[in-house]
Amino acid sequence: MMRPLGHSTFGLAMLVSLALTLGAVGIGAISYEVTHEALEQQLDHRTATETRALLAEPGFDRTAAIAKGIARREGIPGPEHLEYLLVDAKGRHLAGQLDATAPQSTGYAEFLHYRDGRIGQSLTTRLADGAMLVVSADRAILDQTDRRLLLLFTSAFGTMLLLGLGGAWTLGALTRARLRRMDRAALAIIGGDLTHRMPIDGSDSEFDRLSATLNRMLDRIAALMTNLRQVSSDVAHDLRTPLTRLRNRLDEAATGAGEQRDAAIEAATFQADELLEIFAALLRISEVEGLGVRKQFRNVAIGEALIELADTYKPDAEASGHSIETDIAPDVHVLGDRRLLIQLAANLFDNALRHTPPGTRIQVALGVEDGVVRLRMRDDGPGVPETARARLFERFSRAEQSRSSTGHGLGLALVAAIAAAHRGEATLLPGPGFGVAVSLGPIRA
Amino acid sequence: MRILIVEDDQETRDFIARGLTEAGHAVVTSTDGRDGLFQATEGNFDVLVIDRMLPVIDGLSVVRMLRAGGCTIPVLILTAMGSIEDRVEGLQSGADDYLVKPFAFSELSARLLALGRRLPTTQAEPNRLVVGDIELDFERRLVRRAGRRVALQPREFLLLAELMRNPHRVVTRTMLLERVWDFDFEPKTNIVETHLSRLRAKLNAGFDEDAIETVRGAGYRIRGE
């Protein structure tokens, strides 16, 4: 299958090396041209110098003096590769061994074809009597240099292209190998091994960092999965008891008669309501944990709301022999859902009133510390056993259940969920009795 | 009262329709949003019961369209459990009350009665309520029974006001929690009962007749005469 080049590491590296080679070829072509031109100019310069020297030969008869000069120069072997031709106005040969037809026009000629096949670069000058002087330099040197340059450049570009290709392939192979390992890890996880993690070689490369991030994500998912499994099994376990009771009541109703049957039906209805209450609490918790409630967040006068709530609970508290002491800053505001915040505080009040003996003091404090709203509710009741403290904010917490025969262990889980939805948290206060600290934030200025 | 029920679930629809018919109301049912919308504008209803999730046109859109068309018939929205957002959206769409499924029939019945006799929302609430020998003045926050002043705590005042807004009709515990305390959940403790017994004690001091009647399994009712 053919993929566009830019979509794989190899293709991408290949494209980059191609572009670089093309650039180098461009630069090569320009330097080749510049060098070539410079050499041609040098040849022109030599023919001009030589022409000037010949024209300066001493003698009265200029043409004869030049012919003599030519003969003398041709007599000395040298590496100059210069050749001469002197013809009179009618084109008759006067001097010089240059075996070519003299050009008709004066000036530089780039290509003068010799009769033996060689090519020269010439300068033609007309003398006073109409004779033509041709000084020509063999272009063989030039061609040789050109060929050498071309060879040099070609081999350099070839090497570059090969190196680029090799580099691209290596890069592609390394990336593929690394990604293949991550791919294998992902496939293993898809296959069901949720403990599998992305490979990390400690190089702190971008792959390593990506793997580390993916692993953190996987840890989070694993934690949520564990939580979900825990909750599912807890739900199943905790619903069995009320469902069994409901079934037994319905059994009684089916077999009983008269008053006994009516009582059984009433009891069954009560059990069904209890179940619905558990479901409502569970749904409320998952709804709050889903964080969709944040869309409805408004500025809530939590201080005032809490004072009202404490007043609401005071008659109940007095009736059961409890006392409520408040230290609530009335002007505290928080960004949140008013009803959820009221439910959070009400759950804590309900807890304190139901799970402590008469005579217990309940202290409520609300204030702002370090830009965070802090709610503290503490009682001097019996508290909870040390072993149960860790799981107290989880659903169906056994410790919370054991505190009361009617609780389902969902109240504090909802408190924690509401605090989290408000970007805060619920924690247990140290010390005797039972105390919960709830932070909520950010506060509204 | 003439009541329209728009609900696609047959079991719920039959359960509501049967109960309301037995209670002496004229009930018309509809199973989808489009038909419900048509019925609501055609029939002369006192109150509408509309499910949140309906085929063709959803419940909230039905309410929005009714309100946009100038219809002021009180609407009660039924929603599924676990729907804080639904409650807010429901009230924003123009519904007058909402009830979370599953519910006790007595709860629905009490709410429909309260809605059906309610004054149109455009009309301002009167400054003064009088039921039987009890008189409540919102402006001066004053309560009198047979001309005798009764001193109430703020919560007790609100509680009495809610009962007096619904003279001779049952107000449920849940309605009181919502309207007096802004609770949308059931607290584990008896705050409604406690506050009500305090209110009752203050109102009844020096009188033989109980001003507030407890309707077993349903709620509370202010006694008229």
Side-chain angles (χ1 to χ4, degrees), chain A residues 266 269 272-273 275-277 279-290 292-298 300 305 307-309 311-320 322 337-355 404 406-408 410-411 414 418 421, chain B residues 12 15 52 79-93 98-107 152-159 162 172-174 176-202 216-218:
Chain A
E266 199 174 320
T269 311
D273 284 346
L275 278 164
L276 287 171
E277 206 180 297
F279 273 117
L282 280 172
L283 282 169
R284 177 57 61 94
I285 292 171
S286 63
E287 191 182 13
V288 171
E289 281 180 345
V293 291
R294 280 187 183 166
K295 277 187 283 182
Q296 310 288 349
F297 275 12
R298 303 276 183 278
V300 179
I307 290 172
E308 280 177 19
L309 196 67
D311 286 342
T312 289
Y313 275 97
K314 268 175 189 163
D316 243 17
E318 281 162 29
S320 58
H322 293 77
D337 183 301
R338 184 183 155 85
R339 290 192 173 189
L340 285 181
L341 290 170
I342 288 176
Q343 189 168 8
L344 182 154
N347 272 6
L348 292 176
F349 273 117
D350 281 344
N351 247 351
L353 289 179
R354 290 187 309 136
H355 301 321
S404 147
T406 56
H408 307 298
L410 292 170
L414 183 59
I418 293 175
Chain B
T12 314
F15 166 68
R52 168 79 174 76
T79 72
M81 261 201 278
S83 39
I84 299 173
E85 282 170 63
D86 278 6
R87 181 237 309 159
V88 180
E89 273 179 31
L91 296 183
Q92 276 169 355
S93 72
Y98 75 98
L99 190 55
V100 177
K101 287 194 271 189
F103 48 82
F105 181 76
S106 56
E107 186 70 42
L152 295 181
Q153 297 284 326
R155 255 332 125 163
E156 293 156 1
F157 183 88
L158 291 176
L159 200 51
E162 195 51 46
T172 66
R173 183 181 130 91
T174 318
L176 290 172
L177 279 170
E178 266 175 35
R179 291 166 195 184
V180 179
W181 281 277
D182 205 13
F183 280 19
D184 64 342
F185 58 95
E186 292 283 327
K188 293 268 180 286
T189 38
N190 305 320
I191 60 170
V192 177
E193 291 75 5
T194 314
H195 282 262
L196 216 111
S197 72
R198 290 199 167 204
L199 170 64
R200 187 179 257 148
K202 288 179 182 176
R216 200 171 165 270

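Each chain gets a letter, A, B and so on, in the order its sequence line appears, and its residues count up from 1. Fair warning: this is a prediction, and the values are worked out from it, not measured in the lab.
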Against chain B, label [X] side chain, backbone, both or neither, depending on which of its atoms sit under 4.5 Å from a heavy atom there.
X        : value
A:Ile285 : neither
A:Leu309 : side chain
A:Asp311 : backbone
A:Gln296 : side chain

Exercise. So does B:Arg173 pair up with B:Glu107, basic N to acidic O under 4.0 Å?
Worked result: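 Result for this pair is no, no salt bridge flagged.
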Exercise. Angle class for the B:Phe183/B:Trp181 ring planes (parallel below 30°, perpendicular above 60°, tilted otherwise)?
Worked result: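 B:Phe183 vs B:Trp181 ring planes: tilted.
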Exercise. Is the B:Phe105 ring parallel, tilted or perpendicular to the B:Phe15 ring (thresholds 30°, 60°)?
Worked result: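 Because their plane-to-plane angle is over 60°, the rings of B:Phe105 and B:Phe15 count as perpendicular.
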Exercise. Hey, which of A:Ile342, A:Thr312, A:Leu353, A:Asn347 has the most heavy atom pairs under 4.5 Å with chain B?
Worked result: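 Max contact count across the listed options: A:Thr312.
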Exercise. Does CD belonging to A:Glu266 count more than 12 external heavy atoms closer than 6.0 Å?
Worked result: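 Incorrect, the count does not exceed 12.
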Problem set entry | Chi angles and distances behind the side-chain hydrogen bond (donor to acceptor under 3.5 Å, both in side chains) call for A:Arg284, A:Gln343 | CA-CA 11 Å; A:Arg284 177 57 61 94; A:Gln343 189 168 8; 2.8 Å; yes
